[in-house]
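Here the structure is laid out as structure tokens; the discussion comes afterwards.
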Amino acid sequence: MSLINLFHDHLSERMRWIATALEATGFNTLIISSGEPFTYFADDQEAPFNTNPHFRHYCPLEGPHHVLKLQAGRKPLLIRYAPEDFWYEQLPLGNPFWLEMFDLVEAPTLDAVWEVVGKPNRGAYVGNELVRAAGAELVLNPASLGSYLDWGRALKTPYEVACTEEATVLGAKGHEAGRKAFLAGASELEIHYAFVQAVGCLDHELAFASIVALDEKSATLHYEKKRNFREGRVLLLDCGARHLGYPSDITRTHLKDSCDARFRALRDGMEKLELELCDEVVAGRPWGQVHHLAHLKIGALLREAGILKAEPEEAVAKGFTRPFFPHGLGHFLGIQVHDVAGKLASPDGTIQPPPAEHPYLRTTQTLAPGHLITVEPGLYFIPMLLRPFREGEHASRFDWKQIDELTPLGGIRIEDNVLVTEAGPRNLTRKHLPA
Ligand code: GLY
Ligand code: MN
Ligand code: MN
């Protein structure tokens, strides 16, 4: 199906959900603006602009101050902020594939934008242009409606999957370039540039700040610095690209031949168990169960390596695997990298919190067809998390000599993006980046 047809079905589906959401929460009109840019304190410099994800979900138009007016049974109205400007380039709209699905008004000033918005009866507003929205007598960011919107966003349409897949094609190119640069002896900075060049975008157009970590830095989960150090034996590369606003989120851990054979065995074990976990992305399964299974598998791998002296069930029950795998197994992926609704139990906003022993689990939902989730088990040597065990009553259940010898190599993470379908898991990443 062409992108235009996919988008048509996407927007129709979204508008049906909007009608349900407005009815359930007592509103008549939803106003969403693309957002106001953020200026640093005491400065005239702006942060790179990120369009309000709720806006992007309905309309691929980028840039600040545009407004959508959405009502049940009506064609969506797009009010495009289109100033004349000689400081910054203002590109003409042209004729993008999605345009015919909207009524369009072009407004040269903010006053003109909000004049078109008017003062809708029982209107809700989602965005950060609060002064303007209050002037339009809208209810600002109502939580009840927000939960409905988030719940709907967790169920991806074929258009969204196609966008993520295109972002995956680009991300895979970046990963291949990064892997080759690493094996040729590049630094973190050079690997980052190899990735960006292969994708063909600006840094801030990546899916998120790239994680390019050599050796011990790979044990810092969101390491963002880029060193000139070149002698890395381990590369953890967690980076993705975007297409029409939709990101891919991919991690690979590569090793040079000079890497310790025990670390290589752990990496190969993680590769195998990550693929097994991808097979568990099936409708009806609570994500917390898959996360628990990941701990059991990592416990078995650590047992086999001799790093833990406990059977997996006991290791997990006593928390021995947690310092090695301290984050959640995965998160919803959508128009945001860490997408919304992971902990929603229903559209009415009921939250299902993570269990106390897994506070960083971002997703507690039960998987359903249309959910798109990352599967990203990790195994790291993080001194601050291991210290309480080294000093605690269970110290003898760990091989501290081996842990100390492997700590300079950092850690391992492998991450794919997997769609839940009626027919089972669909791994969007491996098709384009097999290893
Ligand atoms: N790139 C951040 C994450 O994988 O969640
Ligand atoms: Mn990632
Ligand atoms: Mn991720």
Side-chain angles (χ1 to χ4, degrees), residues 50 53 153-154 156 160 164-165 167-168 170-176 178-179 188 191-192 195-196 199 201 203-213 217-226 234-243 245-254 267 270-271 273-275 277-278 280-281 287 290-291 294 325-343 354 358-365 367 371-380 382 410-420 425 427-430 432-433 435:
N50 272 341
R153 277 177 53 185
K156 271 59 186 184
E160 296 181 285
T164 306
E165 193 148 7
T168 304
L170 289 170
K173 274 191 199 165
H175 269 272
E176 229 356 71
R179 182 183 68 83
E188 290 171 352
I191 295 166
H192 167 77
F195 189 103
V196 166
V199 172
C201 69
D203 275 35
H204 72 260
E205 293 170 333
L206 292 173
F208 48 88
S210 68
I211 298 169
V212 185
K217 297 297 183 187
S218 58
T220 298
L221 303 182
H222 284 170
Y223 171 75
E224 289 181 5
K225 199 170 155 48
K226 312 284 182 280
V234 176
L235 166 67
L236 188 155
L237 181 58
D238 181 352
C239 201
R242 281 189 189 270
H243 180 71
Y246 285 83
S248 54
D249 183 9
I250 305 169
T251 309
R252 294 289 183 263
T253 303
H254 300 293
R267 196 282 310 265
M270 289 299 287
E271 171 80 3
L273 73 82
E274 191 263 358
L275 289 169
L277 291 166
C278 289
E280 302 293 327
V281 178
W287 184 245
V290 191
H291 178 76
F325 175 36
H327 56 78
L329 177 63
H331 50 85
F332 283 156
L333 179 70
I335 196 89
Q336 283 167 253
V337 175
H338 293 158
D339 209 18
V340 292
K343 293 175 190 154
H358 297 301
Y360 300 116
L361 193 57
R362 293 179 199 271
T363 312
T364 54
Q365 275 214 35
L367 297 176
H371 282 163
L372 175 59
I373 196 155
T374 67
V375 177
E376 48 180 307
L379 194 171
Y380 315 87
I382 304 174
I412 300 155
R413 178 163 67 252
I414 297 166
E415 176 176 26
D416 287 341
N417 307 154
V418 184
L419 180 70
V420 185
N427 191 322
L428 302 187
T429 314
R430 292 281 168 167
H432 303 288
L433 190 68

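In each ligand, atom 1 is the first atom listed, and ligand 1 is the first ligand listed.
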- prompt: Listed by chain and number, what are the side chain to side chain contact (heavy atoms under 4.5 Å, CB included) partners of Lys343, not counting sequence neighbours?
  reply: Ile351, Pro354, Thr364
Sequence-distant partners of His331, side chain to side chain contact (heavy atoms under 4.5 Å, CB included), two or more places apart: Asp249, Val337, His338, Arg362, Thr363, Thr374, Glu376, Glu415
The Mn ion (ligand 3) - number of protein N/O/S atoms closer than 2.8 Å: 4
Between [Y] and [X], does any NZ, NE, NH1 or NH2 come within less than 4.0 Å of an OD or OE carboxylate oxygen?
| X | Y | value |
| --- | --- | --- |
| Glu274 | Arg430 | yes |
| Glu176 | Arg179 | yes |
| Lys226 | Asp203 | no |

- prompt: Would you say the side chain of Arg413 lies within less than 4.5 Å of the side chain of Leu379, judging by non-hydrogen atoms?
  reply: no
message: Is the shortest side-chain heavy-atom distance between Tyr223 and Lys217 below 4.5 Å?
response: yes
field: Check: Tyr380 ring centroid to His327 ring centroid under 6.0 Å
entry: yes
- prompt: Under 3.5 Å, is there a donor-acceptor pair linking the side chains of Glu165 and His243?
  reply: no
- line: Sorted by chain and residue number, the residues having a heavy atom closer than 4.0 Å to an atom of ligand 1 are Phe208, His222, Asp238, Asp249, His331, His338, Glu376, Glu415
